[in-house]
Undergrad: 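I have a structure here, written as structure tokens, and I will follow up with some questions on it.
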2 protein chains.
Amino acid sequence: MRAVFYIASHSLDGSRPGIKEIAENINSPEHFLAKILQKLSKGGIVSSIKGPNGGFFIEPQGLNRPLADIITCLEGDQIFTGCGMGLSYCSESNPCPLHHEFKKVRNQLTHMLYQTTIGEFNGELRAGALTLNK
Amino acid sequence: MRAVFYIASHSLDGSRPGIKEIAENINSPEHFLAKILQKLSKGGIVSSIKGPNGGFFIEPQGLNRPLADIITCLEGDQIFTGCGMGLSYCSESNPCPLHHEFKKVRNQLTHMLYQTTIGEFNGELRAGALTLNK
DNA sequence: TTATTAAAGGATATTTTTGTCTTTTATTTG
DNA sequence: CAAATAAAAGACAAAAATATCCTTTAATAA
């Protein structure tokens, strides 16, 4: 998510940071980050260009996608739909003890992740008001 | 948490289920459950007695403790205080991009886990309205 | 068109989490 | 006290998550 924020905040002026640059700026192991960006690239969250002057970027419309898309791409929709205690049987019609209470929390998280967009923090990030370090 | 619910629902009549019985009823590997119960026992969430007719139980006042205590005992208070993106620098005065939005979600989760008590589901569990299977 | 740059992909390694096995200690009952 | 029961504890094993390395592919520029 930090990598996506970093790329997003650099996509306004058409620049394309490479893995090395991103990794340095978000304190992430380079090769590990590469794996994640590959997945995000396949999922269409970020775009990439190889070769000199290549790197990662996000299309203008991509900046309006919700954060939830990042999570879905990387980890599936388990956190949006799954049981709070990880129970397979749990559902609306056959709820686990925590089901109803947990649903409220999960709904709020879901709502937050669908309302917040990838590009939402660009201004503050570029102004230096927010940072992405570990 | 399911183990605690199971023990709680059997502590009303003074019975003391053993690890084997608990494991069977919550579909948990016996020895793995043993480790968890050891930790919960050290933390004072559950009590235990060795030997014949021994097993685990929860004191009457223990039934009024919040679910949050279980989590704190097993995993610390990271989920109550930590940053949503796992950033070490993030705080109220030096927030990460998601800090303010995530705080709302975390606060609701925290509230839920502190309002809900360990013994809260005893009635429904004993009536069979709720189950603890995986 | 060749050298260089940078992402993609596959194989491997490390670490953490989860799960298992065995021995020890405590308690109860005959 | 001796035998049986059951949790506590420690050592060990398997699986999953995280991280690294190396080779391949694509793009650019001289």
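Fair warning: this is a prediction, and the values are worked out from it, not measured in the lab. Within every chain, numbering begins at 1; the chains are lettered A, B, ... in the order of the sequence lines, protein sequences first and strands thereafter.
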Undergrad: Extract, from 5' to 3' on DNA chain C, the first and final nucleotides lying under 4.0 angstrom from some heavy atom of chain A.
TA: C:dT4 to C:dA11
Undergrad: Going by side chain to side chain donor-acceptor pair (under 3.5 Å), name the pairs with one or both residues in residues 73-91 of chain B, residues two or more places apart or in two chains.
TA: A:T131-B:Y89, B:S91-B:S93
Undergrad: In the structure I gave you, are the side-chain heavy atoms of A:L33 and A:I26 within less than 4.5 Å of one another anywhere?
TA: yes
Undergrad: Would A:V4 end up clustered with A:F57 when hydrophobic side chains under 4.5 Å apart are linked, directly or stepwise?
TA: no
Undergrad: Return whichever of A:Q38 or A:G54 has its heavy-atom-nearest nucleotide of DNA chain C closer to the 5' end.
TA: A:G54
Undergrad: What residues from residues 6-33 of chain A pass a heavy-atom cutoff of under 4.0 Å to DNA chain D?
TA: A:P29, A:H31, A:F32
Undergrad: Once you apply a heavy-atom cut-off of 4.0 Å, does A:K42 come out as touching a base, just sugar-phosphate, or nothing?
TA: sugar-phosphate
Undergrad: In whole Å, what is the span from the CZ atom of B:F57 to the P atom of D:dA7?
TA: 12 Å
Undergrad: Where each residue is assigned the nucleotide of DNA chain C containing its nearest heavy atom, which of A:L37 and B:P52 is assigned the position nearer the 5′ end?
TA: A:L37
Undergrad: Does A:S9 offer a backbone N or O that forms a donor-acceptor pair with the side chain of A:N122 under 3.5 Å?
TA: yes
Undergrad: Are the side chain of A:R106 and the backbone of A:G82 linked by a donor-acceptor contact shorter than 3.5 Å?
TA: yes
Undergrad: Please check this pair: side chain of B:R16 against backbone of B:S48, looking for a donor-acceptor N/O pair closer than 3.5 Å.
TA: no
Undergrad: With respect to the side chain of B:K35, which nucleotide from D:dA11, D:dT25, D:dA7 is positioned closest?
TA: D:dA11
Undergrad: Do the non-hydrogen side-chain atoms of B:P66 and B:T117 ever get within less than 4.5 Å of each other?
TA: no
Undergrad: Any sub-3.5 Å donor-acceptor pair from A:T116's side-chain atoms to A:L67's backbone N or O?
TA: no
Undergrad: Should B:S48 be listed as having a side-chain N or O under 4.0 Å from OP1 or OP2 of D:dA6?
TA: no
